Amino acid sequence: MLRIPVAWNIRCSDMDLSRYSRLTRMVVRSLALLSSRPGAVATNSRKAVEVHQGLGYADRDYEIIPGGFDTGRYRPDPEARAAVRAELGAADDDVLVGWIGRDDPMKDLPCLAAAFNRAAASNPRLRLVLAGSGLGPDDPAINLFQDNASRCSFLGPRRDVERILAGLDAFALSSRSEGLPNVVGEAMAAELPCAVTDAGDTARLVGDTGRVAPVGDAEALGDALASLAALPADERAALGRAARQRIIDRYSIQAMVDAYAALYRRLAGR
């Protein structure tokens with residue numbers, strides 16, 4: 001009988017399961033019971049291994065393969081920058097901070113809103129640009145930002161993320177749970193310094209090219225945003241260039257592809 005090897009892939013880390021359905025919690029428990037059976041379990045972060053073993057996953061070898069990022073698609077683009085900022089009505093000296101995701105408990109939008117309120121109080125030129133599912137101008141989640149609604153742009157779902165990133169000056173991540181967040185790597189590839197929470201391997205991804213706050217700490221994240229916004233434009237741009245170089249050096253698509261190819265060859269016995 002032909003036995004086809006099976007590989008699992010874990011893409012998240014410390015999710016607060018109390019915020020999700022009973023079915024989701026049941027699936028997590030079931031997978032923990034079955035976790036010794038796959039031929040391989042791959043994940044994009046070290047934190048995910050630690051968290052899932054805490055959930056009862058088997059003590060086994062895990063393949064840690066960080067994500068890779070398309071530095072051709074996500075890159076600085078002066079023409080797109082000018083066009084996006086014009087569409088948003090942003091002045092040359094406005095500091096645009098972006099957040100791209102979906103309205104989901106693990107993304108912790110209340111933390112982002114409180115952090116932005118704190119940072120905005122110290123910098124009248126700071127603005128927030130939000131895009132993603134549940135973040136259009138008519139969605140309930142925007143009520144979280146009512147204290148500074150005039151300084152926020154709610155774009156909803158977009159297919160031109162690389163274009164939006166090109167128009168920004170910095171990027172924020174407020175998540176409670178991540179593996180290795182794609183959106184942060186994409187922002188870094190677009191030469192944006194990032195203010196992030198220490199979810200999953202996000203801090204490892206950012207390194208010394210941005211600012212890191214504890215998960216759920218809106219004051220610390222607000223201070224991180226304020227710190228990036230207060231930098232002179234040339235210093236902030238230099239930090240962004242360092243972020244892109246970090247992606248090029250450590251998180252290339254080719255390195256990710258090579259790692260998965262080696263894993264699949266091993267499973268196939270080749």
Side-chain angles (χ1 to χ4, degrees), residues 12-20 84-85 87-91 94-158 161 164-165 167-178 181-184 186-188 190 192-200 202-203 205-206 210-231 236:
C12 62
S13 59
D14 44 356
M15 292 176 64
D16 181 356
L17 294 175
S18 69
R19 296 171 178 260
Y20 293 85
V84 168
R85 294 176 76 89
E87 291 168 14
L88 296 174
D94 282 344
V95 180
L96 301 190
V97 175
W99 187 97
I100 298 173
R102 65 186 185 279
D103 181 11
D104 182 279
M106 74 177 183
K107 301 300 183 182
D108 204 352
L109 283 170
C111 177
L112 177 69
F116 180 69
N117 287 343
R118 181 177 178 88
S122 64
N123 190 330
R125 307 310 306 177
L126 186 61
R127 292 181 54 178
L128 182 63
V129 180
L130 301 102
S133 178
L135 288 164
D138 299 320
D139 288 314
I142 73 171
N143 293 325
L144 293 167
F145 301 88
Q146 60 186 344
D147 290 348
N148 277 292
S150 64
R151 295 167 67 176
C152 297
S153 298
F154 304 99
L155 307 184
R158 297 290 291 254
V161 169
I164 294 169
L165 291 174
L168 304 176
D169 299 291
F171 194 81
L173 183 93
S174 51
S175 297
R176 289 184 170 275
S177 173
E178 292 285 351
N182 288 340
V183 71
V184 173
E186 292 161 1
M188 292 171 67
L192 298 180
C194 298
V196 301
T197 49
D198 189 13
T202 307
L205 175 63
V206 170
R211 306 284 189 270
V212 180
V215 167
D217 191 334
E219 290 189 2
L221 183 60
D223 291 342
L225 286 172
S227 171
L228 291 180
L231 289 174
R236 193 165 52 244

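Note that the structure is predicted; figures quoted are calculated from it, not measured.
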>> Tell me every residue that passes salt bridge (Lys or Arg N to Asp or Glu O under 4.0 Å) with Asp223, counting only those two or more places apart in sequence or in another chain.
In response: Arg118

>> Minimum heavy-atom separation for Leu155 and Ala131, please, with both atom names.
In response: CB-CB, 4.1 Å

> Considering residues at least two apart in sequence or located in another chain, which fulfil the side-chain hydrogen bond (donor to acceptor under 3.5 Å, both in side chains) criterion with Asp104?
Replying inline: Tyr20

> Of all residues at least two apart in sequence or in a different chain, which pass the side-chain hydrogen bond (donor to acceptor under 3.5 Å, both in side chains) check with Ser133?
Replying inline: none

>> Please find the pair of heavy atoms, one from Arg85 and one from Asp169, that lie closest to each other, and give the distance.
In response: NH1-OD2, 3.0 Å

>> Do Val84 and Leu168 make a side-chain contact, defined as non-hydrogen atoms from C-beta onward lying under 4.5 Å apart?
In response: no

Return a table of donor-acceptor pairs under 3.5 angstrom between the side chains of residues 135-144 and protein atoms on other chains or two or more places apart.
from: Asp139; atom 1: OD2; to: Leu135; atom 2: N; distance (Å): 3.2
from: Asp139; atom 1: OD2; to: Gly136; atom 2: N; distance (Å): 2.7
from: Asn143; atom 1: ND2; to: Pro140; atom 2: O; distance (Å): 3.2

>> Please report the interatomic distance NZ(Lys107) to CD(Glu178), rounded to the nearest 0.5 Å.
In response: 3.5 Å

> Is there side-chain contact between Leu165 and Ile100, with at least one heavy-atom pair below 4.5 Å?
Replying inline: yes

> Is the closest side-chain heavy-atom distance between Thr202 and Val212 below 4.5 Å?
Replying inline: no

> Can you list the residues that meet the salt bridge (Lys or Arg N to Asp or Glu O under 4.0 Å) rule with Glu87, with sequence neighbours excluded?
Replying inline: Arg163

Side chains of residues 192-199: which donor-acceptor pairs under 3.5 Å do they make with residues two or more places apart or in other chains?
from: Thr197; atom 1: OG1; to: Ser175; atom 2: N; distance (Å): 3.2
from: Thr197; atom 1: OG1; to: Ser175; atom 2: O; distance (Å): 2.6

> Do Val97 and Arg127 have side chains that get closer than 4.5 Å, going by heavy atoms?
Replying inline: no

>> If the condition is salt bridge (Lys or Arg N to Asp or Glu O under 4.0 Å), which residues does Asp108 pass it with, not counting sequence neighbours?
In response: Arg176

>> Can you list everything that forms a side-chain contact (heavy atoms from CB on, under 4.5 Å) with Cys152? Sequence neighbours excluded, please.
In response: Phe116, Leu128, Leu130, Phe145, Phe154

> For Asn148, what residues pass the side-chain hydrogen bond (donor to acceptor under 3.5 Å, both in side chains) criterion, not counting sequence neighbours?
Replying inline: Asn117

>> Checking Asn123 against Leu225 for the side chain to side chain contact (heavy atoms under 4.5 Å, CB included) test, could you report, in this order, the C-alpha distance in whole Å, the side-chain angles of both residues, the deciding distance, and whether it holds?
In response: CA-CA 10 Å; Asn123 190 330; Leu225 286 172; over 6 Å; no

> How far apart are the closest heavy atoms of Ala120 and Leu126, and which atoms are they?
Replying inline: N-CD2, 3.9 Å

> Can you name the nearest heavy-atom pair linking Pro214 to Ala220, along with the distance?
Replying inline: CD-CB, 3.7 Å

> Taking only residues two or more places apart in sequence, or in another chain, which ones meet Arg236 in a side-chain hydrogen bond (donor to acceptor under 3.5 Å, both in side chains)?
Replying inline: none

> Rounded to the nearest 0.5 Å, how far apart are CG of Asn182 and CG of Leu205?
Replying inline: 9.5 Å

> Do any pairs count as a side-chain hydrogen bond (donor to acceptor under 3.5 Å, both in side chains) and have a residue in residues 94-103, sequence neighbours left out, and if so which ones?
Replying inline: Asp94-Arg125, Trp99-Ser174

> In chain order, what residues pass the side-chain contact (heavy atoms from CB on, under 4.5 Å) check against Ala226, with sequence neighbours excluded?
Replying inline: Ala119, Ser122

